[in-house]
Amino acid sequence: MKQLLEKCAGWLSAHPDDETTRELLEQVRSRLKAEEGYFVVSVVSRDDLVSEGYDGYSTDDSTMERIASSMGKAHTEYGEYRLSLRNACGNENVPLLEE
């Protein structure tokens, strides 16, 4: 997402001819600043559903959004996020803070 926003900001910067372009550029820059230091953890796609034996291609967008929301809740509210984070940091040899 960050790369896409940066690309959009670059394009918009080269085309500041009207008020709409300037407003869009400001929105993109604002979003980039808000996302600074944040990285996407996961994405769910129709192909993911198919790989698990479900008909992802006939699944509508609102159902996909509900699936993503449910997965997000499971990932964050039930502790899976912290466990995954610890495992990933350990696998990448990220040093622990000294207490």
Side-chain angles (χ1 to χ4, degrees):
M1 177 62 85
K2 186 175 180 179
Q3 290 173 336
L4 175 62
L5 288 171
E6 288 171 344
K7 189 174 182 178
C8 290
W11 188 90
L12 289 167
S13 293
H15 299 84
D17 299 327
D18 61 29
E19 185 64 26
T20 302
T21 302
R22 285 188 292 276
E23 288 174 10
L24 287 171
L25 178 58
E26 187 55 39
Q27 289 175 15
V28 169
R29 285 182 175 157
S30 175
R31 182 67 185 259
L32 277 168
K33 184 170 175 63
E35 291 190 9
E36 193 172 306
Y38 293 89
F39 301 88
V40 175
V41 173
S42 68
V43 181
V44 65
S45 71
R46 287 179 171 81
D47 288 334
D48 293 328
L49 273 66
V50 170
S51 73
E52 293 299 316
Y54 296 96
D55 187 358
Y57 301 117
S58 68
T59 305
D60 62 51
D61 287 351
S62 19
T63 301
M64 290 298 297
E65 287 176 11
R66 288 191 305 275
I67 290 168
S69 176
S70 175
M71 291 175 68
K73 287 177 187 174
H75 196 69
T76 56
E77 292 178 15
Y78 304 119
E80 294 174 23
Y81 175 81
R82 298 282 179 203
L83 178 60
S84 296
L85 179 59
R86 282 188 214 110
N87 289 337
C89 288
N91 291 342
E92 293 297 322
N93 298 313
V94 176
L96 290 168
L97 293 173
E98 294 185 30
E99 297 192 28

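Source: prediction; values computed, not measured.
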Got a list of side-chain donor-acceptor pairs under 3.5 Å for residues 43-51, not counting sequence neighbours?
{"residue": "S45", "atom": "OG", "partner": "D47", "partner atom": "N", "Å": "3.3"}
{"residue": "S45", "atom": "OG", "partner": "D48", "partner atom": "N", "Å": "3.2"}
{"residue": "S45", "atom": "OG", "partner": "D48", "partner atom": "OD2", "Å": "3.4"}
{"residue": "R46", "atom": "NE", "partner": "G56", "partner atom": "O", "Å": "3.4"}
{"residue": "R46", "atom": "NE", "partner": "T59", "partner atom": "O", "Å": "3.0"}
{"residue": "R46", "atom": "NH2", "partner": "T59", "partner atom": "O", "Å": "3.0"}
{"residue": "R46", "atom": "NH2", "partner": "D61", "partner atom": "OD1", "Å": "2.6"}
{"residue": "D47", "atom": "OD1", "partner": "Y57", "partner atom": "OH", "Å": "2.4"}
{"residue": "D48", "atom": "OD2", "partner": "S45", "partner atom": "N", "Å": "2.8"}
{"residue": "S51", "atom": "OG", "partner": "D48", "partner atom": "O", "Å": "2.7"}

Next on the checklist: For E19, I'd like to know if atom CD has over 12 heavy atoms of other residues, nucleotides or ligands within 6.0 Å.
Outcome noted: yes
Checklist entry - Out of curiosity, I67 CD1 to M64 CE, how far, rounded to the nearest 0.5 Å? => result 5.5 Å
Checklist entry - Between CZ of R66 and OG1 of T63, what distance do you get to the nearest 0.5 Å? => result 4.0 Å
Next on the checklist: Could you walk me through whether S69 and E65 satisfy the side-chain contact (heavy atoms from CB on, under 4.5 Å) test, starting with their C-alpha distance in whole Å, then the side-chain angles of each, then the deciding distance to 0.1 Å, before giving a yes or no?
Outcome noted: CA-CA 6 Å; S69 176; E65 287 176 11; over 6 Å; no
